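To find a chain, count down the sequence lines: A is the first, B the second, and so on, and within it residues start at 1. The structure presented is a predicted model; accordingly, all values stated were derived computationally and were not measured.
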2 protein chains.
Amino acid sequence: MRTGRYHHGDLRAALLERAEQTLREQGVDALSLRELARALDVSHAAPSRHFRDRRALLDALALTGIQRLTTAGRAGLARSGDGFPERVFAFARAYVDFAAAHAALLELAFARKHDAAVADELELAWQPLKADLQAVIAHGQREGRIRAGNADRIGAVLFTAVHGVATQAAGGQLTGPALDQVFDDLLTHLLRGLAPSAGDEPLTEPAAPAC
Amino acid sequence: MRTGRYHHGDLRAALLERAEQTLREQGVDALSLRELARALDVSHAAPSRHFRDRRALLDALALTGIQRLTTAGRAGLARSGDGFPERVFAFARAYVDFAAAHAALLELAFARKHDAAVADELELAWQPLKADLQAVIAHGQREGRIRAGNADRIGAVLFTAVHGVATQAAGGQLTGPALDQVFDDLLTHLLRGLAPSAGDEPLTEPAAPAC
DNA sequence: ACCTGAACACCGTTCAAGT
DNA sequence: ACCTGAACACCGTTCAAGT
């Protein structure tokens, strides 16, 4: 039922919002421009004013996904205490939980981009989250819990490990207690390996003095 | 141009083979049953004899993807020597290389399944690869390079870490030297954390005797 | 500027009918 | 058993035309 007026103060924003809902509830394949237009009571050709094609809409969604994930990571840090491994766990957990709750959205964020310009834009969008991760690592280094060295390399290692958990959570391969255990085991062992001097419990005890 | 005869000794196999090619060259979105039928010179309704719907074809492809990946992992092990960290690296590298070369196929293998029966079937298909990984870990434990303990848990940790590298390689977020470095750093630090007693170079030197 | 409506070339899926 | 051909209900995309 068309209302008659052109209407829609901001069709672009409305399309994105509705698309995100469909994505969450029914997945990418169920996302159609025509269905979106119908839901917003607008002609099927109207979306093309705001998104060149379906892919452009998906790319825009990917961008919001990265931004939301960044926000979720910060919220996780804000909820956590000041301790060292605690902050790493809080940050990582926020990532994994977001991935499980917004699987399709994150999948879009990580999909291979055909357009180089889009790939660059998304790469840029990751920077704030990566900066947050750097800060967490620098904190661990100051506390003597992470070995000195190139923080970018250490950041890439942590990011990749957590991403491995997150993608499996998103795909449903890892759920419930199994997910929790892998998450804990992976981070614990990796941090142990990243510690400056690894005794038996380097994550909860200061390194024993050399004998 | 239809030939006239029903033809095609094994249309199902022909469909899968052609689909895999299209997937590799043009991605999932470009994969259409009608196009496949056209390429095989068969009516557009013929594929439905062998695959209930498009999703069923995609599920079948996912299955072959897991099998191919398993084969690639074994080939990696076969090429490697007998040393301990060497075998882990060889196995993991085969996984990552396969992911980079067959991104779309592996994506299908890890996509969330709507059908529980399919999810179970794919879960089963992973078992041979996971068994191979268990063997590599058991080897490391015998050599005193990996701490004793539940091999399933340790396997899940290693799998997840490597999967994190693989998905980023598949998505094009990690390529070239950056990929190699993250791969090396992650495995090195994780194995260090998994070692029974971690000195400064636990991966290349036997653990120093306790003082 | 922003949207409509018609048009075009594609889909997936189903089903009676052919061999 | 296996396939065809027509039919149906959907798509994405384009473009002249409207306000």
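dT13(D) atom P lies 11 Å from atom CG of Leu58(A), rounded to whole Å. Counting to the nearest Å, the C1' atom of dC10(C) and the CG atom of Leu33(A) are 15 Å from each other. The CG atom of Asp10(B) sits 17 Å away from the P atom of dA1(D) (whole-angstrom rounding). Taking atom CG of Leu40(A) as the reference point, atom P of dT4(C) lies 11 Å away to the nearest angstrom. Distance, Leu57(A) CG to dT13(D) C1': 14 Å, rounded to whole Å. Between the CZ atom of Arg38(B) and the P atom of dA9(C) there is a distance of 13 Å, rounded to whole Å. At whole-Å resolution of the value, CZ in Arg12(B) and P in dC3(D) are 13 Å apart. Put simply, NE2 on His44(A) is 7 Å from C1' on dG5(C), counting in whole angstrom units.
In this entry dT19(C) has dA1(D) as its Watson-Crick or G-U wobble partner, both defining distances falling under 3.5 Å. If you check dT14(D) for Watson-Crick or wobble pairing at under 3.5 angstrom, you find it paired to dA6(C).
In this structure, Asn150(A) places its CG atom where more than 12 heavy-atom neighbours from other residues, nucleotides or ligands lie under 6.0 Å away.
Between Ser48(B) and Ala45(A), it is Ser48(B) whose nearest contact on DNA chain D lies nearer the 5' terminus. Remark on DNA chain C: of its neighbouring residues Arg49(A) and Phe51(B), the 5'-side contact belongs to Arg49(A), judged by nearest-heavy-atom nucleotide.
The existence of a salt bridge linking Glu143(A) and Arg87(A) is excluded, since no basic side-chain nitrogen approaches an acidic carboxylate oxygen closer than 4.0 Å.
Under the 30°/60° scheme for interplanar angles, the aromatic rings of Tyr95(A) and Trp126(A) are found to lie parallel.
Here His50(A) does not reach the OP1 or OP2 of dC2(C): none of its side-chain N or O atoms lies under 4.0 Å away. Close to dC11(D), at under 4.0 Å from its OP1 or OP2, lies a side-chain N or O of Ser32(A). Between Arg34(B) and the phosphate of dC11(D), there is no side-chain N or O to OP1/OP2 separation shorter than 4.0 Å.
For Asp53(A), whose side chain is taken as the heavy atoms from C-beta onward, the closest listed nucleotide among dC15(D), dC3(D), dT13(D) is dT13(D).
Annotation: ring-ring contact (aromatic ring centres under 6.0 Å, His included) contacts of Phe98(A) (sequence neighbours excluded): His102(A).
In the interface, the side chain of Arg52(B) is not paired with the base of dT14(C) through any donor and acceptor atom under 3.5 Å apart.
Defined by atom type and a distance below 3.5 Å, a donor-acceptor pair is missing between the side-chain atoms of Thr22(B) and Glu35(B).
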